[in-house]
S.K.: 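Structure provided below as structure tokens; questions to follow.
In this text the structure is predicted, and so the values were computed from the model without any measurement. Basis for what follows: all heavy atoms, side chains included, without hydrogens, waters or symmetry-related copies.
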Amino acid sequence: MKKILLLTAISGLILTGCYSTQINMSMGNMRLITSSANPQDVMDFATTACRNDFYEGASFLSKAGKEYRFKCVKAEENEILTPIPGTTIAPVVKAEVK
């Protein structure tokens with residue numbers, strides 16, 4: 001069991017060691033993310049980070065070098081989720097109510 005946990009942790013570190021992505025600033029619904037990853041991975045990271053903070057998703061604002069600026073959007077604000085040009089936003093999978 002310990003070997004499985006160790007292998008899982010090591011493989012995760014190896015995969016994330018190829019590039020770094022981190023949130024540098026989180027103020028209200030604004031996020032500043034610094035990343036050397038490809039744009040789709042940054043978009044997925046930002047969307048996941050915003051959804052973890054109870055927002056609908058992340059809307060791309062601007063990019064300067066390796067810094068990406070996003071705005072987290074709530075569903076009731078009727079704002080459009082804007083992806084990084086050339087990327088997509090993964091749809092939310094919701095459980096069906098029977």
S.K.: For residues 41-53, dump all side-chain donor-acceptor pairs below 3.5 Å to protein atoms at least two apart in sequence or in another chain.
M.R.:
{"unit_1": "Asp41", "atom_1": "OD2", "unit_2": "Asn38", "atom_2": "ND2", "d": "3.4"}
{"unit_1": "Asp44", "atom_1": "OD1", "unit_2": "Gln40", "atom_2": "NE2", "d": "2.9"}
{"unit_1": "Thr47", "atom_1": "OG1", "unit_2": "Met43", "atom_2": "O", "d": "2.9"}
{"unit_1": "Thr48", "atom_1": "OG1", "unit_2": "Asp44", "atom_2": "O", "d": "2.9"}
{"unit_1": "Arg51", "atom_1": "NE", "unit_2": "Glu56", "atom_2": "O", "d": "3.2"}
{"unit_1": "Arg51", "atom_1": "NH2", "unit_2": "Ala90", "atom_2": "O", "d": "3.0"}
{"unit_1": "Asn52", "atom_1": "ND2", "unit_2": "Thr48", "atom_2": "O", "d": "3.3"}
{"unit_1": "Asp53", "atom_1": "OD2", "unit_2": "Arg31", "atom_2": "NH2", "d": "2.8"}

S.K.: Give me the atom names and distance for the closest heavy-atom approach of Thr21 to Ala37.
M.R.: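 Closest pair (atom of Thr21, atom of Ala37, distance): OG1-CB, 3.9 Å.
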
S.K.: For Phe60 and Pro85, work out which heavy atoms get closest and say how close.
M.R.: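 That would be CE2-CD, 3.8 Å.
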
S.K.: Quick check: closest heavy atoms across Ala58 and Ile89, and the distance to 0.1 Å?
M.R.: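 Closest heavy-atom pair between Ala58 and Ile89: O-CD1, 3.9 Å.
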
S.K.: Mind listing the closest non-hydrogen atom pair of Ile84 and Thr87 along with its distance?
M.R.: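 Heavy-atom minimum between the residues: O-OG1, 2.6 Å.
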
S.K.: What's the shortest heavy-atom distance between Tyr55 and Val73, and which atoms?
M.R.: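 Where Tyr55 meets Val73 most closely, the heavy atoms are CB-O, 3.4 Å.
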
S.K.: Would you give the length of the straight line joining atom CZ of Arg69 to atom CE of Met30, rounded to the nearest 0.5 angstrom?
M.R.: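 So the CZ of Arg69 and the CE of Met30 are separated by 8.0 Å.
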
S.K.: Working to the nearest 0.5 Å, report the span between CD of Gln22 and NZ of Lys66.
M.R.: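 Output value for this atom pair is 11.0 Å.
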
S.K.: Can a donor-acceptor pair be found, under 3.5 Å and without considering hydrogens, that links the side chain of Ser59 to the backbone of Lys71?
M.R.: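 A pair under 3.5 Å: no.
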
S.K.: Give, for atom CD of Glu67 and atom OG1 of Thr34, the distance between the pair rounded to the nearest 0.5 Å.
M.R.: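 OG1 of Thr34 is found 4.5 Å from CD of Glu67.
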
S.K.: Output the distance between atom CZ (Phe70) and atom CG (Leu32), rounded to the nearest 0.5 Å.
M.R.: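 Between Phe70 CZ and Leu32 CG, I get 10.0 Å after rounding to 0.5 Å.
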
